[in-house]
Student: 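Take a look at this one; I'll ask things after.
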Amino acid sequence: MLRSYLAELFRYAIESLITSGALPAEVREATIEIADPKNPEHGDFACNFAMVAAKKAGKNPRELAEMLSEALAVFQEFESIEVAGPGFINLRVKSSYVASWLPTILTLGPSGISKSTPKGPGKKINVEFVSVNPNGPITIGSGRGAAYGSTLCNVLEAAGNTVHREYYINDGVNSEQMRLFAESVLAITKGKPVPENGYKGDYVHDVAKSLSHIDSDDVDLIRYLSEKEMIQQQRTALSAFGVEYDTWFSEQSLHDKGMVDDEIDLLEQKGIADTAPVRTKLKLAKGNKIEDVFTEIQDTPVDEDGNIITDNSGSSDGHTLWLRSTKLGDDMDRVLLRKDGRLTYIASDVAYHKDKFNRPENADKLITILGPDHHGYIGRLTAVVAAMLLESFELGEPCHAEIDQKLYRGEGEKAACEAALTEAKKRLEVQIYQLVRFLKDGKPAPMRKRDGNIYALIDLMKEIGLKIKPNGTEEEQLSAGKDVARFFYLMRDHDTTFDFDLDLAEKQSDENPVFYVQYAHARICSILAKADTVLPAESRTKEGSPELFALVSHEKEKAVIKKVLDLSDEVRRASEDYGVHRIATYAVELARTFHAFYDQCKVIQTEDPALSNARLMVCEATKIGLKSALDLLGISAPYRMERADSVPAE
RNA sequence: GCGCCCAUAGCUCAGUGGAUAGAGCAACUGCCUUCUAAGCAGUGGGUCGGAGGUUCGAGUCCUCUUGGGCGCGCCA
């Protein structure tokens with residue numbers, strides 16, 4: 001917030017130099033970055049604009065920096081402006097000026113302080129995350145997707161976008177896995193052995209138990225009921241983990257409405273899907289360059305003379321219907337409709353993505369968050385969206401290049417496919433989070449046990465909560481477990497594999513970083529509560545005044561306020577590169593800055609109500625910053641934290 | 001074979017093309033008569049896997065390379 005303001009001052013100074021003819025207009029193209037100086041002795045902020053813009057200005061960086069610093073000198077906000085090194089402009093901002101932001105922070109509150117304004121108008125974004133099959137509980141592996149996805153949504157919202165949170169339920173009746181799941185449940189209710197490769201974990205027995213009052217051999221009915229049960233459990237677990245959705249979208253509903261069939265007809269009409277028994281595959285060289293295009297003949301129906309029967313009539317009875325996704329950047333064509341008439345999930349995906357775009361609230365952009373085992377889907381999903389967006393085309397002249405000739409029937413098709421792919425890449429963003437390794441006693445903890453049991457997210461929360469709040473209620477334990485687990489998932493870059501140290505997570509000591517942050521919040525609440533009892537109410541104010549701002553002179557006070565004002569910049573950056581771990585890192589830094597302030601600046605001094613007042617405002621501001629960051633992360637900001645000395649040591 | 005990700009302190013990881021590469025944990029030294037010591041201050045600890053390149057400047061970008069994780073079905 002403060003940085004953007006300072007950048008404005010720079011822009012103003014640069015404009016005045018352009019107007020006076022001292023600088024060419026091209027320097028406008030260089031970006032103004034207000035960064036942290038490496039060495040705090042260099043000041044509060046550093047700007048490298050002079051180095052970046054030197055070429056465009058036709059001056060050497062030092063000279064340009066000198067000019068700029070002179071132009072900036074008119075602003076009262078600065079205590080000092082120095083040109084250093086190769087052309088840095090080091091800025092020191094007046095403490096009283098930084099303090100003058102306090103009333104703004106207090107007015108904005110936790111929900112306002114994190115808001116950053118997007119460059120253009122905010123987008124309408126649909127974020128789909130977790131979306132696991134309804135054949136088991138949410139695992140600790142999916143936990144990362146849940147934590148990441150929900151926080152990304154919060155961050156995108158704070159950055160000025162409208163977000164729709166969505167869960168896609170893979171409940172298509174054609175799913176073999178779901179059928180197997182239902183058969184396993186059915187077998188257990190009947191006291192029969194579970195089918196080979198069936199589902200065996202305790203949770204399957206739980207589902208069976210919940211259906212024990214149903215006396216039926218109807219696999220479809222059992223499938224439907226056990227899915228419902230599983231989805232309910234997933235919802236409960238996610239909710240306890242602080243994850244709520246706007247839409248739980250049923251795949252089967254697409255089939256029921258005939259949308260999948262309609263989409264498939266459309267694809268055939270557009271000529272991007274057909275039943276020719278040939279699959280095209282790409283051989284890729286380094287850099288994803290197409291080295292060769294070759295074909296495989298699949299289960300070829302032949303006539304009496306042994307000739308391949310091709311069927312482009314649009315009827316796919318007895319034939320495999322292929323999506324020609326190689327034309328759309330995928331490395332092989334994909335099956336839409338099997339020979340036996342059952343649709344694949346790719347078929348539903350086409351209809352699903354169309355529906356997402358067509359709903360009025362999700363016009364602009366789709367974000368899909370997938371686990372590390374799904375990264376091969378990026379190309380496939382993009383091709384699906386491209387196929388859906390593909391507009392009808394004339395085949396046109398044959399292509400020139402040899403590769404294109406093998407891939408496209410004409411220049412017209414090639415152009416249409418490329419256009420569709422470009423648009424698809426613009427409108428669909430697939431974010432992959434990397435693997436989490438769970439360590440217990442320094443050894444990897446298996447997520448899927450040999451007996452078929454799964455390490456569920458809900459169990460992780462319970463286990464951590466039990467250790468941290470051994471005397472708490474079940475609800476308190478679950479909530480504490482949620483806070484710790486979320487923080488651990490979120491403190492690392494989602495695009496990096498990391499080790500989740502269960503032993504550390506279960507410690508309620510200072511070793512656990514989440515408490516470091518929460519403790520800062522609780523400490524502030526404690527100070528504020530005491531101030532209410534010790535200081536006369538009439539001396540308290542939330543209004544600012546130059547006299548009050550002048551009292552804020554300690555470097556630690558200034559540091560805390562500056563840090564609080566940084567939150568909106570962190571949110572903007574996180575929303576741009578989807579790196580929401582910045583918010584967790586930020587929370588730790590803000591807490592650290594506050595703890596240092598606390599140590600050096602006694603807040604409540606009854607003999608000096610004015611200074612107390614100023615410092616209480618700093619506390620309020622910090623509380624708002626911490627609450628805001630923790631809200632984004634989906635972690636609670638406690639008012640009290642008591643060291644559990646009464647708890648017997650382990 | 002192709003793709004995605006990773007490699008930074010003893011361990012787990014931050015790091016916006018900028019100045020002397022940071023934090024937590026672990027080790028060590030101090031600090032509670034004072035708003036919560038779940039805290040603070042300090043010490044030690046580094047060939048940013050390796051080699052080239054791009055430029056005023058590279059942990060960061062590019063190429064190559066070494067090592068590791070994961071993925072490449074008419075399963076979802």
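Convention: sequence-line order gives letters A, B, ...; per-chain numbering from 1.
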Student: Would you classify A:Arg437 as touching base, sugar-phosphate or nothing, given that sugar-phosphate means primed atoms plus P, OP1 and OP2, and contacts are heavy atoms under 4.0 Å?
Tutor: nothing
Student: Can you list everything that forms a ring pair (Phe, Tyr, Trp, His ring centres under 6.0 Å) with A:Tyr586? Sequence neighbours excluded, please.
Tutor: none
Student: Could you check whether A:Arg338 pairs with A:Asp340 (Lys NZ or Arg NE/NH1/NH2 to Asp/Glu carboxylate O, under 4.0 Å)?
Tutor: no
Student: Looking only at side-chain atoms of A:Arg592, point me to the closest of B:C35, B:C13, B:G24.
Tutor: B:G24
Student: Would you kindly give the CE-to-C1' distance between A:Met491 and B:G15, to the nearest whole Å?
Tutor: 16 Å
Student: Indicate, with a heavy-atom threshold strictly under 4.0 Å, whether A:Asn197 touches base, sugar-phosphate, or nothing.
Tutor: nothing
Student: Nearest to the side chain of A:Asp499, heavy atoms from C-beta on, is which of B:A19, B:U16, B:C13?
Tutor: B:C13
Student: Of the nucleotides B:A14, B:C35, B:G39, which has the atom closest to the A:Thr585 side chain?
Tutor: B:A14
Student: Checking all strands, does A:Ala46 fall into the base, sugar-phosphate, or nothing category for heavy-atom contacts under 4.0 angstrom?
Tutor: base
Student: Would you say A:Glu227's side chain and A:Pro134's backbone share a donor-acceptor pair under 3.5 angstrom?
Tutor: no
Student: Test your reading of the model: is there a side-chain donor-acceptor pair from A:Arg3 to the backbone of A:Ile34, 3.5 Å cut-off?
Tutor: yes
Student: Using the side-chain heavy atoms of A:Lys602, tell me which of these nucleotides is nearest: B:C40, B:U34, B:C13.
Tutor: B:U34
Student: Side chain of A:Phe88: nearest nucleotide among B:C74, B:G18, B:A14?
Tutor: B:G18
Student: For A:Tyr224, what residues pass the ring pair (Phe, Tyr, Trp, His ring centres under 6.0 Å) criterion, not counting sequence neighbours?
Tutor: none
Student: Using only atom types and a distance under 3.5 Å, with no angle test, would you say the side chain of A:Asp333 pairs donor to acceptor with the backbone of A:Ser325?
Tutor: yes
Student: Please report, rounded to the nearest Å, how far the P atom of B:C2 is from the CG atom of A:Asn288.
Tutor: 11 Å
Student: What does B:C40 pair with, Watson-Crick or G-U, if both distances are under 3.5 Å?
Tutor: B:G30
Student: Classify the nucleic acid contact of A:Ala54 as base, sugar-phosphate or nothing, counting any heavy atom under 4.0 Å across all strands shown.
Tutor: nothing
Student: Nearest to the side chain of A:His581, heavy atoms from C-beta on, is which of B:A37, B:C74, B:A14?
Tutor: B:A14
Student: When we call it a touch if two heavy atoms are under 4.0 Å apart, what does A:Leu284 touch: a base, just sugar-phosphate, or nothing?
Tutor: sugar-phosphate
Student: To the nearest Å, give me how far apart CG (A:Asp330) and P (B:C2) are.
Tutor: 18 Å
Student: Between B:C74, B:A19, B:C35, which nucleotide has the shortest distance from any of its atoms to the side chain of A:Pro37?
Tutor: B:A19
Student: Describe the nucleic acid contact of A:Asn60 in one word from base, sugar-phosphate, nothing, applying a heavy-atom distance below 4.0 Å.
Tutor: nothing
Student: Can you tell me the pairing partner of B:A9 across any strand shown, Watson-Crick or G-U wobble, with both distances under 3.5 angstrom?
Tutor: none
Student: What is the nucleic acid contact for A:Tyr598, judged by heavy atoms within less than 4.0 Å: base, sugar-phosphate only, or nothing?
Tutor: base
Student: Atom CD of A:Glu607 and atom C1' of B:C35: how far apart are they, to the nearest Å?
Tutor: 13 Å
Student: A:Ile583 CD1 to B:G15 P: how many Å, rounded?
Tutor: 12 Å
Student: OP1 or OP2 of B:C75 less than 4.0 angstrom from a side-chain nitrogen or oxygen of A:Arg338, does that happen here?
Tutor: yes
Student: Inspect the surroundings of CD in A:Glu291 and state if more than 12 heavy atoms from other residues, nucleotides or ligands are less than 6.0 Å away.
Tutor: yes
Student: By the 4.0 Å heavy-atom rule, please label A:Cys601 as base, sugar-phosphate, or nothing.
Tutor: base
Student: Which whole-number value in Å describes the distance from A:Glu296 CD to B:C74 C1'?
Tutor: 12 Å
Student: Given atom CZ of A:Phe488 and atom P of B:C25, what is their separation to the nearest angstrom?
Tutor: 12 Å
Student: Distance criterion of 3.5 Å, no angle test: do you see the side chain of A:Asp599 paired donor-to-acceptor with the base of B:A37?
Tutor: no
Student: Looking at A:Asn60 and A:Glu63, would you say the former's side chain and the latter's main chain have a donor-acceptor pair under 3.5 Å?
Tutor: yes
Student: Please classify the glycosidic conformation of B:C4 as syn (within 90° of 0) or anti (everything else).
Tutor: anti
Student: OP1 or OP2 of B:A37 less than 4.0 angstrom from a side-chain nitrogen or oxygen of A:Tyr516, does that happen here?
Tutor: no
Student: For A:Asp493, answer base if it contacts any base atom (sugar-phosphate contacts may also be present), sugar-phosphate if it contacts only those atoms, and nothing otherwise; contact means non-hydrogen atoms under 4.0 Å.
Tutor: sugar-phosphate
Student: Ring-plane angle category for A:His595 and A:Tyr516, please: parallel below 30°, perpendicular beyond 60°, tilted otherwise.
Tutor: perpendicular
Student: Using whole Å, report how far CG of A:Asp331 lies from P of B:C72.
Tutor: 12 Å
Student: When you get a sec, tell me which of B:G1, B:U12, B:A19 is the closest nucleotide to the side chain of A:Ala84?
Tutor: B:A19
Student: For each nucleotide in nucleotides 56-71 of chain B, reading 5' to 3', give B when a protein heavy atom comes within less than 4.0 Å of its base, S when such contact involves only the sugar-phosphate, and - otherwise.
Tutor: S------------SBS
Student: When the nearest nucleotide of RNA chain B is assigned to A:Phe500 and to A:Arg380 on a heavy-atom basis, which residue is associated with the more 5' position?
Tutor: A:Phe500
Student: Tell me the partner of B:G46, counting only Watson-Crick (N1-N3 plus N6-O4 or O6-N4) or G-U wobble (N1-O2 and O6-N3) with both under 3.5 Å; none if nothing fits.
Tutor: none
